[in-house]
Every structure is written in structure tokens, then in C-alpha cells.
Chemist: 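Please read through the structure below; I'll follow up with questions.
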Amino acid sequence: MSRRLVLISRWRLETSRERLWELLVDPLGWPRWWPHLVGVRRVASGDGNGIGTGYAFRWRSGIGYTVRIVMTTRRADAPRELEGTANGDLSGIGLWVIEEDPPSAVRLTYRWDVELRKPWMRCLAPLLRRVFARRHFAVMAGGAAGMARELACRVSDIEEWSAISPVPDSTRNR
């Protein structure tokens, strides 16, 4: 069974793209408003657009395990898309997409396409896949509420999707 997770979260914030963008491109400030984020530190500097900038994150799951990830920015299209590669306990791609939602709001979508790397997670993936997805969505919901508080705006229309990779692990890296 695949150890890949594709998780998509989306919500509506009554704010501007620019205000939301400024919040997203400041990961060092995230612990102030994201309740599951234990800590973050910059580990690499990038270019003038932030490409190549790396941050080490430590996330609390809420049920006894933590996840450590280094995210490195690989694409930034201000104020629309921010994409990074993840390495650590999970590896893959995270993509933030900000879309206008007239008259005075935006839709924020996060697509998290990752492989489990922690040995215990890989071993238990067939049994705990739904638990991992639920915990991810709880972390994201906490982030949505925290963003709204930080931006002094309303959040609504929270949606979540998950997908299972149709490609078995044994055939992915050939």
C-alpha cells in the first residue's frame, strides 16, 4: 500500500490577497497564530524572491506525535502561489494558492502531496492513513482559525479532500 498522502484544504477569508500573502511568506511569525506549530527556524537564505529559503518546522499532531519538516521555497508568484519542497519526517510538495472571491474575500487552498518517511508511520500507514489525514485537517483548521484571528477577519467555507495514490510505492521510482 502506498505511503503517499495527498491532502487538500481550502477556506474563505474575508481579507485581501496581499494581506494573506504577507502572512504566508513570514513563517517565523506563524507560531504566533498557528496553534499546532511548536517552532520554526530559518535554515537557508534564498534569493530576492525567497526561492531557496528553507525553514525547519516542528508540528504537534494533537495525539502524541510530532512531525519535523524542512520546507524549501521552490516557487513564489506573489500574491497568488507559494510552493515548497518538504524533507524530513514527510517529503514531497506543499502548494498554497490564493484566489480572489469577490466582493471582498479570498479562497486559500493548500495542497499537501507527501510520502511518509518516519519508519513507524510507514509501517502503520495501512492502518492509520485516515488518522493521519484527520490530524492533518485538524492542524489546517487550527491554521485557518489562527489566520483569521491574526488578520482580524472572518473565515468560512472550510473544505477538505484526501486522495490515495493510485501508484504502488514499488513502481514510483523506476
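Only a predicted model underlies this, so the values are computations on that prediction, with no experimental measurement involved. Any value given below was found using the heavy atoms of this structure, including those in side chains, with hydrogens, waters and symmetry copies removed.
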Chemist: Using every non-hydrogen atom in the two residues, find where M71 and A86 come nearest and quote the distance to one decimal.
Modeler: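 Distance-wise, the nearest heavy atoms are SD-CB, 3.4 Å.
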Chemist: Starting at OG1 of T15, measure out to CG of L23 and round the result to the nearest 0.5 Å.
Modeler: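 Output value for this atom pair is 9.0 Å.
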Chemist: What are the two closest heavy atoms between T53 and G46, and how far apart are they?
Modeler: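 So the two residues come closest at OG1-N, 3.1 Å.
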Chemist: About how many Å separate CZ of R111 and CD of E81, when rounded to the nearest 0.5 Å?
Modeler: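 Answer for the CD-CZ pair, E81 versus R111, is 12.0 Å.
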Chemist: Find the distance between CG (L95) and OG1 (T85) and round it off to the nearest 0.5 Å.
Modeler: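 Between atom CG of L95 and atom OG1 of T85 there are 12.5 Å.
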Chemist: May I ask you to check whether over 12 heavy atoms, not counting those of R75, lie within 6.0 Å of atom CZ?
Modeler: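 Atom CZ in R75 is crowded, with more than 12 foreign heavy atoms closer than 6.0 Å.
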Chemist: Have T66 and R58 got a donor and an acceptor in their side chains that come within less than 3.5 Å?
Modeler: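 No pair is found: no donor N or O on one side chain lies under 3.5 Å from an acceptor on the other.
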Chemist: Over 60° means perpendicular and under 30° means parallel, so tell me whether W59 and F57 are parallel, tilted or perpendicular.
Modeler: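 If you compare the ring of W59 with that of F57, the planes turn out parallel.
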Chemist: Could you list the residues that satisfy side-chain contact (heavy atoms from CB on, under 4.5 Å) with L24, not counting sequence neighbours?
Modeler: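 L24: side-chain contact (heavy atoms from CB on, under 4.5 Å) contacts with L20, W30, L82, W96, I98, L108, M147.
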Chemist: List the steps and the verdict of side chain to side chain contact (heavy atoms under 4.5 Å, CB included) for R4 and D113.
Modeler: CA-CA 7 Å; R4 178 181 178 210; D113 184 346; 2.5 Å; yes
Chemist: For R68, I'd like to know if atom CZ has over 12 heavy atoms of other residues, nucleotides or ligands within 6.0 Å.
Modeler: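 Counting neighbours around CZ of R68, 12 or fewer heavy atoms of other residues, nucleotides or ligands fall under 6.0 Å, so no.
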Chemist: So, for G142 and P35, which heavy atoms are closest and what is the spacing to 0.1 Å?
Modeler: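 The answer is O-CD, 3.5 Å.
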Chemist: Tell me, do K118 and V67 make a side-chain contact under 4.5 Å, heavy atoms counted?
Modeler: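 In short, these two side chains do not touch, never coming nearer than 4.5 Å.
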Chemist: Going by the rule side-chain contact (heavy atoms from CB on, under 4.5 Å), which residues pair with E160 if we only count those two or more places apart in sequence or in a different chain?
Modeler: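 For E160, the residues satisfying side-chain contact (heavy atoms from CB on, under 4.5 Å) (neighbours in sequence not counted) are F137.
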Chemist: Are L7 and V131 linked, directly or through other ILVMFWY residues, by side chains that come within less than 4.5 angstrom of each other?
Modeler: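 Hydrophobic grouping puts L7 with V131.
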Chemist: Got H136 and S9 here, is their nearest side-chain heavy-atom distance under 4.5 Å?
Modeler: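 Sidechains of S9 and H136: in contact.
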Chemist: When rounded to the nearest 0.5 angstrom, what distance separates OG1 in T72 from CD1 in I51?
Modeler: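 So the OG1 of T72 and the CD1 of I51 are separated by 11.0 Å.
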Chemist: Are side-chain heavy atoms of E83 and I93 found at a separation under 4.5 Å?
Modeler: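 Counting from C-beta outward, E83 and I93 do come under 4.5 Å.
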Chemist: Going hydrophobic residue to hydrophobic residue with side-chain gaps under 4.5 angstrom, can you get from V6 over to W161?
Modeler: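 V6 does not cluster with W161.
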Chemist: Under the side chain to side chain contact (heavy atoms under 4.5 Å, CB included) criterion, do R42 and L28 qualify, and how do the steps go?
Modeler: CA-CA 8 Å; R42 184 187 314 243; L28 295 175; 4.1 Å; yes
Chemist: Is it possible for you to say whether I8 and F132 belong to one hydrophobic cluster, with membership spreading through side-chain heavy-atom contacts below 4.5 Å?
Modeler: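 In one cluster: no.
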Chemist: What is the minimum heavy-atom distance between P27 and V40, and which atoms define it?
Modeler: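 Result for this residue pair: O-CG1, 3.2 Å.
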Chemist: Show your working on side chain to side chain contact (heavy atoms under 4.5 Å, CB included) between M140 and I158 and close with a plain yes or no.
Modeler: CA-CA 10 Å; M140 295 306 290; I158 295 175; over 6 Å; no
Chemist: Excluding sequence neighbours, so at least two apart, what forms salt bridge (Lys or Arg N to Asp or Glu O under 4.0 Å) with R17?
Modeler: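 Listed in chain order: E100.
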Chemist: Please answer: with hydrophobic residues joined when any side-chain heavy atoms are less than 4.5 Å apart, are V70 and W112 in the same cluster?
Modeler: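 Cluster IDs for V70 and W112 differ.
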Chemist: Let me confirm one number: the CG-CZ distance from D89 to R117, rounded to the nearest 0.5 Å.
Modeler: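 It is 11.0 Å, given to the nearest 0.5 Å.
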Chemist: Is there a donor-acceptor pair under 3.5 Å between the side chain of R107 and the backbone N or O of D101?
Modeler: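 Judged by distance alone, no pair lies under 3.5 Å.
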Chemist: Could you check V106 against R19 for side chain to side chain contact (heavy atoms under 4.5 Å, CB included), going step by step and ending with a plain yes or no?
Modeler: CA-CA 10 Å; V106 294; R19 288 188 70 218; over 6 Å; no
Chemist: What pair of heavy atoms forms the shortest contact from T73 to G50, and how long is it?
Modeler: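 Shortest heavy-atom contact: CB-O, 3.3 Å.
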Chemist: Is there a side-chain contact between N87 and I69, using heavy atoms and a 4.5 Å cut-off?
Modeler: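 Answer no - side chains too far apart.
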Chemist: Testing the basics here: between V139 and R60, what is the closest heavy-atom pair and its distance to 0.1 Å?
Modeler: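 Between these two residues, the closest heavy atoms are CG2-O, 3.9 Å.
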Chemist: Calculate, to the nearest 0.5 Å, the distance between atoms CZ and OG belonging to R135 and S61 respectively.
Modeler: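 Reported to 0.5 Å precision, the distance equals 6.0 Å.
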Chemist: In terms of hydrophobic clusters joined by side-chain contacts under 4.5 Å, are W21 and L151 together?
Modeler: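 Per the 4.5 Å side-chain linkage, W21 and L151 are co-clustered.
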